There are 2 protein chains.
Amino acid sequence: MERQRRIPEATVARLPVYLRTLLDVQTDGVTTISSERLAELAGVNAAKVRKDLSYLGSFGTRGVGYDVDHLLVQMSRELGLTRDWPVAIVGVGNLGAALANYGGFGDRGFPVAALIDADPTKVGTTLGGHTIRHLDDLPAVVNELGIAIGIIATPAAGAQEVADRLVAAGVTSILNFAPAVVTVPEQATLRKVDLALELQVLSFYGQRDSIGSSLREELGVSAESTNSGA
Amino acid sequence: MERQRRIPEATVARLPVYLRTLLDVQTDGVTTISSERLAELAGVNAAKVRKDLSYLGSFGTRGVGYDVDHLLVQMSRELGLTRDWPVAIVGVGNLGAALANYGGFGDRGFPVAALIDADPTKVGTTLGGHTIRHLDDLPAVVNELGIAIGIIATPAAGAQEVADRLVAAGVTSILNFAPAVVTVPEQATLRKVDLALELQVLSFYGQRDSIGSSLREELGVSAESTNSGA
DNA sequence: CCGACCTTGTTCTCTTGTTCACAAAGTGCC
DNA sequence: GGCACTTTGTGAACAAGAGAACAAGGTCGG
C-alpha cells in the first residue's frame, strides 16, 4: 500500500496558515485542537481542514482532535521548514531595501543572505549588514552562500532577465514582486506578489459595491454583497 | 436577453494582467492584438484569454483580433479604474513606511491619501508628504478624504481590530499585509498579501526539488518537476 | 464577387477544489 | 464494561476553472 504523497496545490497554500495558527495556540498553552476550532481560527471550513491534514498522513485522535505539537512537527517537516532557506534579494530599490530591512524573515527560516543590484553606484554599499553585490556576480553569490530562493524586487523591465539569471545560477525558487509577467522553466517554481493587481481587484469589487449602494440608496433596499480573497 | 454580468473571480484576477500587457503593447504602437499573442505576453492560455474577454462583452473581430484601445477602455471601466481610489495605510512601521514612500500607487489611480498609526509618538510626524493621524481619527479621516481602500500594515496582533475599525468607518475594500487571519463581514472585500506564506510555499516545492535532485543524482535520472503560481 | 485564410466566441470535457454527510474510532462517565 | 458523546477520516455530490476543439463570422487577395 503506497503512500499517497501528492498534496494538492490549494492545500499547500493553506498549510502555512495552519502552521501560523498552531504556533499561536501553542503559545497559549493549548495542546490539543479540533478541526472545528482550527478551521475557525484559520478562517476556513472544518472539512477542508480535515482533508488537508489527512494529506500529511498526520493522524488526529477521533473524539479528541489533533495534538498541536505533533501537527507542528509534521507540518514543518512537510513544508521543508526544518532547514534554513537563504534568500537573495535582487533589486535594492525602495521595495528591495524595505524587504532587506524588514527582518521578519530570518527568524522564520528565511535569512536574507545577499543583496544584489545592477546599478554600479549601489554595488559595494551596505544595507542591513549586507554589502550589495553586482548582478553579474550572481552565480558566485549563489554558490558561496547557498542561496535557495531569489526575490525579484526590480522594476518590471528587468524582471524576466533576473529570473533567467537566477535559474541559470541554480536558484529554482523565485518570488517575483515586479509588476511584470515572468516565466520560468518547469523545473523552477515561481510565485508572485502583485500589489497593483490586488488593488485593481479591490477596485473591481469596490465599484460593484458602490454601484450597489447608490442603487440601494435610490431604492431603499438593504445590503447584500460580494466577498472574495482571504 | 439579459446581460450575463457575472465575472468569475479567476477572471477578475487576470484582468489586471491583461491590462498591464495591453498598456505595454499600446506604448509600442500596437493597435490590434490576437488572443494568441495576448495570451503569450500574459503568460496564459489563448482560450482562457478569449473566454475572459468575452465576459467583458467586449467584441474582438474574427479574423483580426482585438482593438487594443477599445479593450483598454472596456477593461478600465470594468475594473473601476476610471476614477481614483484613495488609499489609507494603517500601520506606519517598516512595511507601511515603505509602501507610503513607494509612490507607484498614485500614478495608477490609487493615491495614498492618509497614513494612520496607533503609536502616539508617530502621530503628528510627517512621511512622504502626509501627516500621520491616530487610529482613533479613522472615521474622520475616511470621511474627509474619501478613503476607499484600507491597507493593513500593522503587526499581526492588531490586524483584526484595524480591519473591524476600517469596516466600521465605511471602508469595505481592504488589503491585508499582516501575517494574520483576518475576517470581514460579507459586504466587505478582503485580499491578503502574505510574504511568509509565499516563502513557505516556495520552501515546500523547493524541498521537493531538492529531494528530487539528490535522488536523481543517485539514480542518474534526468529531471522533471513541479511548477506553480504565476 | 469568390474562395482561402484567420481568429473569435462558445460548447464540451476533464481536472481540481469544496462541501456535505456519515461511518468508524476513540474517550470518559457511571 | 457499556453507553452516550465527540471528533476524525473519507466517499460522494457539487461547483469552479482550464483547455481542446470547432463552427461562425469576418478579412483580404485576386
Side-chain angles (χ1 to χ4, degrees), chain A residues 1-15 17-18 22 25 30-68 70-71 74-75 183 186 201 226-230, chain B residues 1-15 17-18 22 25 30-68 70-71 74-75 78 201 205 226-230:
Chain A
M1 172 150 12
E2 180 185 353
R3 179 55 140 274
Q4 160 207 9
R5 270 284 166 189
R6 179 71 206 310
I7 302 186
E9 206 172 310
T11 296
V12 172
R14 278 188 297 266
L15 291 182
V17 178
Y18 300 145
L22 288 168
V25 302
V30 174
T31 59
T32 296
I33 193 167
S34 68
S35 61
E36 196 82 38
R37 179 77 181 126
L38 180 52
E40 187 190 334
L41 294 173
V44 302
N45 177 293
K48 212 187 293 189
V49 168
R50 289 200 293 276
K51 192 160 279 190
D52 286 344
L53 295 186
S54 79
Y55 288 116
L56 299 181
S58 170
F59 293 150
T61 317
R62 300 181 187 214
V64 177
Y66 299 88
D67 181 81
V68 173
H70 183 239
L71 214 46
Q74 291 285 320
M75 213 172 268
T183 56
E186 253 192 275
V201 170
T226 61
N227 192 321
S228 83
Chain B
M1 171 153 15
E2 181 184 352
R3 180 56 140 275
Q4 159 207 12
R5 269 288 165 185
R6 181 70 206 311
I7 303 186
E9 206 172 310
T11 296
V12 173
R14 277 189 298 267
L15 291 182
V17 178
Y18 300 146
L22 288 169
V25 302
V30 174
T31 59
T32 297
I33 193 168
S34 69
S35 60
E36 196 83 39
R37 178 78 181 126
L38 180 52
E40 186 189 335
L41 294 173
V44 302
N45 176 293
K48 211 187 294 189
V49 168
R50 290 199 292 277
K51 194 172 284 186
D52 286 344
L53 295 185
S54 78
Y55 288 116
L56 299 181
S58 170
F59 293 150
T61 317
R62 300 182 186 213
V64 177
Y66 299 87
D67 181 82
V68 173
H70 183 240
L71 214 47
Q74 293 285 320
M75 212 171 270
E78 196 66 43
V201 170
Y205 289 108
T226 62
N227 191 322
S228 84

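Reckoned from all heavy atoms, side chains included, excluding hydrogens, waters and symmetry mates. Protein chains get the first letters and strands the later ones, always in sequence-line order, with residue 1 at the start of each. The structure presented is a predicted model; accordingly, all values stated were derived computationally and were not measured.
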Any N/O donor-acceptor pair, A:Lys51 side-chain to D:dT10 base, under 3.5 Å: no
For B:Tyr66 and B:Leu38, run side chain to side chain contact (heavy atoms under 4.5 Å, CB included): C-alpha distance rounded to whole Å, both residues' side-chain angles, the deciding distance at 0.1 Å, then the answer. CA-CA 10 Å; B:Tyr66 299 87; B:Leu38 180 52; 5.7 Å; no
Starting at the 5' end of nucleotides 21-30 of chain C, put B wherever the base has a protein heavy atom under 4.0 Å, S where only the sugar-phosphate does, and a dash everywhere else. B--BBSS---
For D:dT8, take OP1 and OP2 only and decide whether either is under 4.0 Å from a side-chain N or O of A:Ser35. yes
Whole-Å gap separating C1' (D:dT8) and CG (A:Asp52): 14 Å
Checking A:Glu36 now: which residues fulfil salt bridge (Lys or Arg N to Asp or Glu O under 4.0 Å) with it, not counting sequence neighbours? none
As a test of reading the structure: which of C:dT18, D:dG17, D:dA18 is closest to the side chain of A:Arg14, going by heavy atoms? C:dT18
Taking only N and O in the side chain of A:Asn45, is any of them less than 4.0 Å away from OP1 or OP2 of C:dC20? yes
Hey, does the side chain of B:Tyr66 come within less than 4.0 Å of C:dG9's phosphate (OP1/OP2), counting only N and O? yes
Using side-chain hydrogen bond (donor to acceptor under 3.5 Å, both in side chains) as the criterion, list what pairs up with A:Tyr18, not counting sequence neighbours. A:Asp52
Can you check the B:Glu9 CD to C:dT16 P distance for me, whole Å? 20 Å
Here the distance between atom C1' of C:dT8 and atom OH of B:Tyr18, to the nearest Å, is 14 Å
Counting any heavy atom closer than 4.0 Å, what does B:Arg37 reach on the DNA or RNA strands: base, sugar-phosphate only, or nothing? nothing
